[in-house]
Each structure stands twice: as structure tokens, then as C-alpha cells.
Amino acid sequence: MVNIVVVGSSSMDLVVTADKRPKAGETLIGESFQTVPGGKGANQAVAAARLGANVSMIGRVGKDAFGKEILDNLKKNGVSVNHVEPVPHLSSGTAHITLAEGDNSIIFVKGANDEVTPSYLEKADSILKEADMIMVQQEIPEETVEYIADFCNQFNKKWLLNPAPARKISDNVIESATYLTPNEHEFTVMFGEENRSEVLARYPNKLLITEGKNGVRYFNGECEEVVPSFVVEAVDTTGAGDTFNAAFAVAVAEGKTIKEALRFANRAASISITKFGAQGGMPTREEVEGNF
Ligand code: RIB
Ligand code: NA
């Protein structure tokens with residue numbers, strides 16, 4: 001079993017389904033409302049655990065009903081939560097999601113996730129040092145990502161940054177990361193209008209651009225390569241990126257080549273979108289391997 005440590009967010013997803021999304025000042029009648037556990041960090045932790053990794057999460061919840069549900073859900077999925085401590089004065093993170101016209105739109109409210117700080121991480125030093133792969137996303141403070149970059153340089157650790165949601169990131173982080181997995185929008189925020197092929201060639205076997213239905217593009221040291229995605233009937237694409245990142249991290253940590261790991265990850269992500277909810281549909285190892 002590989003050791004995966006996720007440093008990241010956890011949230012409750014408040015999901016409304018409707019025919020279309022309202023314009024400013026408009027009120028529409030929706031179809032349904034559900035609360036399901038989410039947050040990019042927690043989603044990646046759950047996805048990695050379902051795929052058979054040994055997973056610890058470093059995060060924060062609020063001291064509220066959502067926080068309790070988030071913790072229970074992580075435990076139920078086999079994720080170790082010794083380093084997911086409640087913050088007394090803040091609410092749990094929430095993601096306000098509208099599913100309409102075949103796509104989602106999301107407003108994320110950080111709440112307790114803002115307390116996943118460098119000083120909080122210092123207390124989890126020993127589990128970070130034992131990780132085969134550390135996974136990080138951007139629903140936590142920027143200085144925490146910098147802390148991981150420096151920590152991984154110092155202790156020679158492998159880490160993956162899923163740069164979502166998009167923000168500009170420092171050269172220090174880009175250089176330190178073992179893998180970077182922006183989608184096309186995040187790529188543009190990170191690298192501006194620079195020529196994509198030139199940027200890819202600068203970061204061989206590291207920069208993996210996810211292009212949704214079109215697959216994943218990277219430079220393999222000799223040429224640009226696209227690993228195609230699997231076509232399925234999508235019910236809910238929320239969390240597909242998280243499933244992809246977790247599956248890729250688990251597979252490379254296990255020793256698969258980048259190309260094999262990307263294929264495994266694409267397969268896992270495609271299964272995840274066939275069910276409602278970020279974590280609904282996240283596959284087990286058997287489901288992924290039975291589906292090639
Ligand atoms: O990546 C999907 C996740 O991001 C959702 O579960 C939601 O929490 C959003 O912030
Ligand atoms: Na899903």
C-alpha cells in the first residue's frame with residue numbers, strides 16, 4: 001500500500017439542480033436540493049482511499065454539524081483524520097453548487113479551511129515525512145502551498161499540486177512540484193498567453209494539462225503526447241478532477257509510468273461522473289481495473 005497525504009480543503013457541498021441558472025436579479029424555481037460531502041482535498045483523499053491507498057488528511061473543519069458529517073464521512077471511507085481538527089470560531093467550508101444545463105457552477109466559501117496554515121502543518125511533520133506522495137490543491141492559503149514546496153525540497157518528497165481553483169502561482173512552487181495538473185483555464189491563469197507547447201516542453205513529465213473530453217496533454221521528454229479520456233454519459237462532473245488527481249497520484253506512487261497512470265486516472269474520472277455528487281461514483285480499484 002502506498003502512503004498518500006492530502007493537505008487540503010474539506011467542505012459540505014450544497015447542491016441545487018435546476019433547468020437553468022438565474023440571471024442577476026432573477027428568481028427561478030429549482031428542482032432539488034441535497035447536501036453531500038465535498039471539498040477538493042477531502043474528495044481527493046476519499047478517491048485515493050477507495051483505490052486502495054493508505055490515506056491521511058491534513059485539514060480543518062468547523063465546530064458545527066457539517067464538520068461532524070465531514071469527519072464521519074472521511075472515517076467511513078477509511079481516511080485517517082488525526083490531523084483534521086475543528087476550528088472553534090469558524091464554520092465548515094461550504095461549496096454552493098448549481099447543476100444546470102449539463103454543467104456545474106460553484107461558489108466556494110473557505111470557512112475553517114483558511115486555518116490550514118503553515119504552523120498547523122508543522123504539527124503534522126512526521127506524517128508528511130512518511131508520505132510516498134503529498135497532494136495539494138488551492139482551496140487553502142497560498143502560504144501553505146509555499147510551505148509544502150519548501151518542505152518537499154528539503155526532505156526530497158514527491159508532491160502533486162492540483163492548481164484548482166485557479167490562481168497565479170510562484171516559480172518556487174512550480175519548480176518544486178513533482179506534478180502540476182492544471183486544466184486549460186488554470187493553465188492560462190498560471191502561464192498567461194505563453195505558447196502552450198513551449199511551456200509543456202519546459203516541464204517534461206511534470207506539467208499535465210487536463211483537457212476534459214480531449215484527454216491529458218504533456219511533454220514526455222521527446223514529444224507532446226495526449227492520453228485520451230474515456231467517453232461516458234455524464235450525470236455530474238463535479239469531483240471528476242479530484243478523482244483524476246487521486247488516481248494519478250496513487251498509480252505513480254505505486255510505480256506505474258506516467259502514461260499508464262494517466263490512463264488509469266482517466267478511467268477512474270470517467271466512472272466518477274456517472275453518478276451524482278463529487279464523491280458519488282468515485283470508483284474502487286476493482287471498478288477501474290474491470291473497465292479498461
Ligand atoms: O472539485 C470539486 C469540489 O470543489 C466540490 O466538491 C466542491 O467542494 C468544490 O469546492
Ligand atoms: Na460523481
Side-chain angles (χ1 to χ4, degrees), residues 6-17 32-51 57 59-62 64 66-67 69-71 73-74 77 79 84 91-100 102-114 116 135-141 160-167 181-186 210 212-213 229-249 265-284 287-288 291:
V6 177
V7 178
S9 59
S10 54
S11 311
M12 193 54 79
D13 287 356
L14 313 180
V15 191
V16 166
T17 61
S32 70
F33 172 69
Q34 289 181 67
T35 58
V36 288
K40 292 181 192 302
N43 290 344
Q44 294 182 15
V46 167
R50 289 201 191 153
L51 292 169
M57 168 121 191
R60 311 261 359 218
V61 292
D64 50 19
F66 284 162
E69 244 184 277
I70 291 167
L71 281 170
N73 177 65
L74 286 167
N77 280 280
V79 175
V84 186
S91 56
S92 292
T94 48
H96 304 260
I97 303 182
T98 304
L99 290 184
D103 218 337
N104 61 36
S105 35
I106 304 180
I107 297 179
F108 166 67
V109 180
K110 291 180 287 186
N113 294 299
D114 226 12
V116 184
M135 303 187 67
V136 186
Q137 326 73 32
Q138 300 191 141
E139 290 180 333
I140 54 171
L160 176 151
L161 175 64
N162 171 214
R167 64 185 173 210
T181 57
N183 64 20
E184 291 157 287
H185 166 67
E186 289 147 9
T210 59
K213 283 193 193 80
S229 61
F230 293 78
V231 182
V232 291
E233 191 75 46
V235 172
D236 181 1
T237 56
T238 312
D242 298 326
T243 309
F244 168 86
N245 278 279
F248 175 77
N266 282 345
R267 186 64 239 174
S270 76
I271 297 170
S272 78
I273 68 177
T274 60
K275 295 216 175 87
F276 173 81
Q279 296 174 15
M282 278 178 178
T284 60
E287 284 175 282
V288 179
N291 264 296

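Residue numbers start at 1 and run along the sequence shown. Order of appearance sets the numbers: ligands from 1, and atoms from 1 within every ligand. Being a predicted model, the structure only gives us computed values, none of them experimental. Note: hydrogens, waters and symmetry copies are ignored here, and every other heavy atom, side chains too, is used.
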Checklist outcome for this item: Here the atoms of ligand 1 under 4.0 Å from any heavy atom belonging to D242 are 1 (O), 2 (C), 3 (C)
Checklist entry - Is the backbone N or O of K213 less than 3.5 Å from a side-chain atom of S229, with the two atoms forming a donor-acceptor pair by type? => result yes
Checklist entry - Is K275 close enough to the Na ion (ligand 2) to have an N, O or S atom under 3.0 Å? => result yes
Item to check | Ligand-side contact atoms (ligand 1) for residue partner A278, heavy atom cut-off under 4.0 Å | outcome: 6 (O)
Checklist entry - Going by the order shown, which atoms of ligand 1 are within less than 4.0 Å of some heavy atom of G38? => result 6 (O), 8 (O)
Checklist entry - Side chains of D64 and S92: do they bring a donor and an acceptor to under 3.5 Å? => result yes
Item to check | D13 side chain vs V15 backbone, donor-acceptor pair below 3.5 Å | outcome: no
Checklist entry - Can you find an N/O atom of T238 closer than 3.5 Å to an N/O atom of ligand 1? => result no
Item to check | E139 (side chain) donor-acceptor with F108 (main chain) under 3.5 angstrom | outcome: no
Next on the checklist: When you compare the side chain of M135 with that of N162, does any pair of heavy atoms fall below 4.5 Å?
Outcome noted: no
Checklist entry - Do the side chain of N183 and the main chain of H185 share a donor and acceptor less than 3.5 angstrom apart? => result yes
Next on the checklist: I need the nearest protein heavy-atom contact for atom 3 (C) of ligand 1: residue, atom name and distance, please.
Outcome noted: N43 ND2, 3.6 Å
Checklist entry - So, does N43 use its side chain to make a donor-acceptor pair with the main chain of T243 at under 3.5 Å? => result no
Item to check | Any N, O or S atom of F276 closer than 3.0 Å to the Na ion (ligand 2) | outcome: no
Checklist entry - Short question: side chain of N73, backbone of E69 - any donor-acceptor pair under 3.5 Å? => result no
Checklist entry - Considering only heavy atoms, which of H96, K40, M12, E139 lies nearest to atom 10 (O) of ligand 1? => result E139
Item to check | G39 N/O under 3.5 Å from ligand 1 N/O | outcome: yes
Next on the checklist: Between M282 and the Na ion (ligand 2), is there a contact where an N/O/S atom of the residue lies under 3.0 Å from the metal?
Outcome noted: no
Checklist outcome for this item: G280 O to S272 O via the Na ion (ligand 2), rounded to 10°, gives 90°
Checklist entry - Going by heavy atoms in the side chains, are V6 and Q137 under 4.5 Å from each other? => result yes
Item to check | Nearest neighbour in protein (non-hydrogen) for atom 7 (C) of ligand 1 | outcome: D13 OD1, 3.2 Å
Checklist entry - Are any N, O or S atoms from V235 nearer to the Na ion (ligand 2) than 3.0 Å? => result no
